[in-house]
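Data block below; observations after.
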Amino acid sequence: MFLSLTSLVVLKQKEGDHLTCQFNLSRRRVFILGPSHHAPLSRCALSTADIYRTPLYDLPIDQKIYGELWKTGMFERMTIQIDEDEHSIEMHLPYTAKTMESQKDELTIVPVLVGALSDSKEQMYGELFSKYLADPLNLFVISSDFCHWGQRFRFTHYDESQGEIYRSIQHLDKMGMDIIEQLDAVSFNNYLKKYHNTICGRHPIGVLLNVS
């Protein structure tokens, strides 16, 4: 599993009750879950495209998996305009293509745009994706960054006990990352409610943490 934090990409694999560093190039299908920055979604959305293009090679969207997801009635379709405007999935495409280059003849992707989900919906989607995460041929990429600090983001949390502002931000983000590594959905939700950290990928992360 990739968990992307800003420009940092960390490879993770679910193992028991923790996320551990591991990578397996036998993967054939990459799910990319990214937050919606522009479209007001209350559910998850699927692309209407057949391929996503990268500077390296084209990444075909797995229409079989898309068909299975669509039949659940839990997804909507994003317009081409929404798809093109959104960067949360797009930014991972060249990295995915490069990392999986040795598998490019068999590789497909499953891009999913994640809306502003309630706690119950995060759990619902987590349960849905559980069987796909359990498949050793699948790799999940979760797109996110962490704290957006300042007046323009309406977030100026500052724990003076940590020293300078950047130290306070580091401390706050590290708390969230530690909870994610423990795969604790309840604690992550409580953390967000307490600190209101401006993590744009909180809902894709929430889906991940609710995978059973």
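Not a single side chain to side chain donor-acceptor pair (under 3.5 Å) links Thr48 to another residue, sequence neighbours left out. Taking the salt bridge (charged side-chain N to carboxylate O under 4.0 Å, His left out) definition, one finds that Arg29 meets it with Asp62, sequence neighbours left out. Scanning for side chain to side chain donor-acceptor pair (under 3.5 Å) contacts around Lys194 gives an empty result, with sequence neighbours left out. Contacts of Glu84 classified as side-chain contact (heavy atoms from CB on, under 4.5 Å), with partners at least two apart in sequence or in another chain: Ile80. Taking the side chain to side chain donor-acceptor pair (under 3.5 Å) definition, one finds that Tyr191 meets it with Asn197, sequence neighbours left out. Every residue meeting the side chain to side chain donor-acceptor pair (under 3.5 Å) condition with Asp184, not counting sequence neighbours, appears here in chain and number order: Ser187.
In Arg77, the CZ atom is crowded: over 12 heavy atoms of neighbouring residues, nucleotides or ligands sit closer than 6.0 Å.
There is no path of hydrophobic side-chain contacts, each under 4.5 Å, that joins Phe31 to Ile51. If you chain together hydrophobic residues whose side chains sit under 4.5 Å apart, Leu56 and Leu59 fall into the same group.
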| field | Pair Glu90-Tyr52, side-chain hydrogen bond (donor to acceptor under 3.5 Å, both in side chains): steps then yes or no | value | CA-CA 8 Å; Glu90 178 185 24; Tyr52 279 173; over 6 Å; no

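One finds no salt bridge joining Lys131 and Asp135 here, because no Lys/Arg side-chain nitrogen approaches an Asp/Glu carboxylate oxygen to under 4.0 Å.
Side-chain contact check for Asp85 and Gln81: at least one donor-acceptor pair (N or O, by modelled atom type) lies under 3.5 Å. Side chains of Glu68 and Tyr132: a donor on one and an acceptor on the other come within 3.5 Å.
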